[in-house]
Amino acid sequence: MSGVPTEFSLSYNSDVISDALSYSVRAQITLSGKLLYTSTTANPVLTRGAGDHVDIIVQRVASQTSILGTSWIVEQVGGETVTLDRPQTIQFGQDGSLAVFGGCNQFKGNFDNNVGRFALSRGMAGTLMACPKAINMLETRFIDLLQQAERIDNDGSVLVLSAEDGTVLVLARADG
């Protein structure tokens with residue numbers, strides 16, 4: 001899934017649907033078995049005038065796990081899997097500092113994480129190593145998407161940085 005809205009369809013056997021009963025659907029979005037989003041309202045379908053089409057709104061599930069003090073290994077950038085000999089990483093300091101390895105260069109900056117909201121300082125400092133063009137392009141995209149992130153979620157093992165509209169920009173796993 002790269003954004004919202006996302007269309008879906010469910011198959012069902014119409015022979016077992018009874019007009020005397022009520023039916024509803026709900027939605028959950030998980031990543032590696034961890035719940036990230038869930039519907040919070042009943043969504044009636046099929047009987048009692050409900051029809052066979054429904055719009056489901058899901059809400060982000062709040063995480064109680066801190067991102068601080070964990071090294072996160074980047075697995076996806078902009079929906080594309082990243083595989084490098086030395087993986088891209090993100091580390092969040094207790095003091096609001098941020099350390100990033102982009103694949104070739106090191107970057108430092110600051111971040112603000114306030115109840116699921118995320119903001120990265122625009123003035124990140126970094127090294128200027130000579131890197132292969134392909135790694136340079138991956139690194140530039142990674143840093144650009146980090147700076148666009150507005151939401152942050154994690155479950156202790158998976159970190160998701162996303163745009164306000166829910167588009168996943170960076171997905172990382174806890175190192176270790």
Taking everything shown except [X] itself, do over 12 heavy atoms lie less than 6.0 Å from its [atom1]?
X: I57; atom1: CD1; result: no
X: D52; atom1: CG; result: no
X: N13; atom1: CG; result: yes

Within the 4.5 Å heavy-atom criterion, are [X] and [Y] side-chain neighbours or not?
X: T70; Y: D175; answer: no
X: V25; Y: L10; answer: yes
X: L146; Y: I90; answer: yes
X: I135; Y: L84; answer: yes
X: V160; Y: I152; answer: no
X: E164; Y: R151; answer: yes
X: F101; Y: R86; answer: yes
X: T167; Y: S162; answer: no

*Main-chain N/O of G102 paired with Q88 side-chain donor or acceptor, under 3.5 Å*: yes

Taking atom [atom1] of [X] and atom [atom2] of [Y], what is their separation to the nearest 0.5 Å?
X: F111; Y: M124; atom1: CZ; atom2: CE; result: 11.5 Å
X: T81; Y: L171; atom1: OG1; atom2: CG; result: 9.0 Å
X: E139; Y: M129; atom1: CD; atom2: CE; result: 10.0 Å
X: R141; Y: L169; atom1: CZ; atom2: CG; result: 8.5 Å
X: L161; Y: Q147; atom1: CG; atom2: CD; result: 12.5 Å
X: Q91; Y: S71; atom1: CD; atom2: OG; result: 4.5 Å

Could you tell me which non-hydrogen atom of [X] sits nearest to which non-hydrogen atom of [Y], and how far apart they are?
X: I73; Y: P87; answer: CG2-CB, 3.6 Å
X: Y23; Y: V16; answer: OH-O, 3.8 Å
X: C104; Y: A130; answer: SG-O, 4.1 Å
X: T47; Y: L21; answer: OG1-O, 2.7 Å

*Check the hydrophobic clustering (I, L, V, M, F, W, Y; side-chain heavy atoms under 4.5 Å; chains of links allowed) and say if M137 and V170 are grouped together.*
no

*Hey, mind stepping through T89 and V74 against side-chain contact (heavy atoms from CB on, under 4.5 Å) and telling me if it holds?*
CA-CA 6 Å; T89 59; V74 175; 5.9 Å; no

*Between the side chains of N105 and T127, is a donor N or O closer than 3.5 angstrom to an acceptor N or O?*
yes

_side-chain contact (heavy atoms from CB on, under 4.5 Å) between V100 and Q106, intermediate numbers included_ = CA-CA 6 Å; V100 174; Q106 301 281 344; over 6 Å; no

*Evaluate the side-chain contact (heavy atoms from CB on, under 4.5 Å) criterion for residues V158 and W72: first the C-alpha distance (whole Å), next the side-chain angles of each, then the deciding distance (0.1 Å), finally the verdict.*
CA-CA 8 Å; V158 176; W72 300 91; 5.7 Å; no

